[in-house]
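Structure first, then comments.
What's counted below: heavy atoms across the whole structure, side chains too, no hydrogens, waters or symmetry copies. Both counts, for ligands and for their atoms, begin at 1 and track the order of listing.
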Amino acid sequence: MARKVVLAYSGGLDTSVAVRWMIENYGVDVIAVTVDVGQSPDSTGEDWEAVRQRALVAGASEAVVIDARAEMANEYCMRAIKANARYEGKYPLVSSLSRPVIAKHLVKEARRHGADAVAHGCTGKGNDQVRFEVATRALAPDLEVLAPVRLWGMTREDSVEYAAKHNIPIGQSKEKIYSIDENLWGRAIECGAIEDPWATAPDEPYTLTNCTTAEPDTVVVSFEAGVPVALDGEAMDLADLIDAMNRRAGSRGFGRIDMVENRRVGIKSREVYECPGALALIAAHADLEDLTLERDVAHEKLRLEPRWSELVYDGMWFSPLKNAIDAFIDSTQQHVTGDVRLRFEAPGLMRIEGRRSPVALYDYGLATYDAADTFRHEDSAGFVRLWGLGISTWATKQGGVIDERPR
Ligand code: ARG
């Protein structure tokens, strides 16, 4: 059994109770590691230091907060943008992207502290356990992974009671309705009324996508080699750019998703999301690809994108297939450079109004029907005849011909 455990500590009820529970039940030293991937520290408005202190009060021998916001943006959201990533065509992988970041830091801290196990606070019903464990095994196959919450069988009330008994301060109130996971890429909301797929999702848990203005907003997103680098001509770090996009698109109510999804563990689940920046940036990126990618490359990429999303959703961020698809995607992005103009209008509408690129494959002379036409019309007749040659041979010899003669 492990002696030193590095726990992914969110500051919430479950992970706070997990600190004490592992000490009591396993006799281990717990090092609490909180990874800032762009979430707000606490729903009650506390800061990271308060979260750190709570871990110590719960019994952690050490508590660290790691700022991984830039890493989340530059290595994870960046890849999701290049891949136009949306699981089952809808969900831009919010939680799926943050788990490998967190797992990587858990492993780093485990090495730094000479720990022999890492731990997480996931239940047995979700995808996040899969992501934490598979990512950890990919990075450090020798480390044990502990999942106390999956094991202890406490209800929420039991956990609240356990916390009270051990003087563990809990940030949230007893009657927490929703399970919310958030980071730079958006927010995932589960539980409560949402669990009835027929019920209208309540407005109350949304924080990023409330219409706060009726004024439409036009934004020009500039990309270099597939990566957004500026908004309205102002260069920004990707983390800040995503943040700004969340606010601009979100304030017009854009970015909500309501879906029933297939979890890796075989459960269908109704979830709602708000991802204004992610959805806007992916839409802009995909549109710029329409202008700059050669046809066969574009079509092949469209086939691989759902596979990439599925792999990441299923916890395979660190895997040879995901790496191989990334290599393909990277090689397609060299010329995905240019601007896309988006317009947001309350309530929740987005339109792509225009796109341009110094390396666009759109050629006005070829496309136009007016006098500037440079297309060689005479080439088409032979091309089309050969394109259809096999079909006309088949029709002649094997009766594809419509024969209206009376028999
Ligand atoms: N269903 C989403 C996913 O698997 C969101 C999960 C949110 N996680 C959470 N602990 N609330 O990626």
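Close approach of ligand 1 to Asn127 (heavy-atom distance below 4.0 Å) involves ligand atoms 3 (C), 4 (O). Using a 4.0 Å cut-off to heavy atoms of Asp181, the atoms of ligand 1 that qualify are 7 (C), 8 (N), 9 (C), 11 (N).
The closest approach between a heavy atom of Gly126 and any atom of ligand 1 is not below 4.0 Å. The shortest separation from a heavy atom of Arg263 to ligand 1 is not under 4.0 Å, leaving the residue out of contact. Ligand 1 is approached by Tyr273 to a heavy-atom distance shorter than 4.0 Å.
Looking at Asp158 and Lys165, no side-chain N of the basic residue comes within less than 4.0 Å of a carboxylate O on the acidic one, giving no salt bridge. A salt bridge between Asp29 and Lys4 is absent, with no side-chain N of the basic residue lying under 4.0 Å from a carboxylate O of the acidic one.
Note: Tyr76 and Trp185 fail the aromatic proximity criterion, with ring centroids not under 6.0 Å apart.
For the 3.5 Å distance criterion, the side chains of Asn84 and Glu289 qualify, holding a donor opposite an acceptor.
Among Val272, Asp128, Thr123, the residue whose heavy atom lies closest to atom 8 (N) of ligand 1 is Asp128. The closest non-hydrogen atom to atom 6 (C) of ligand 1, taken over Pro92, Ser10, Ser95, comes from Ser95.
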Apply side-chain hydrogen bond (donor to acceptor under 3.5 Å, both in side chains) to the pair His285 and Gln333, showing each step before the final yes or no. CA-CA 10 Å; His285 175 265; Gln333 296 297 294; 2.7 Å; yes
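Looking at Tyr87 against ligand 1, nothing comes within 4.0 Å, counting heavy atoms. Proximity of Arg131 to ligand 1, defined as any heavy-atom pair under 4.0 Å, is confined to the side chain (atoms from C-beta onward).
No side-chain heavy atom of Cys275 sits less than 4.5 Å from a side-chain heavy atom of Arg187.
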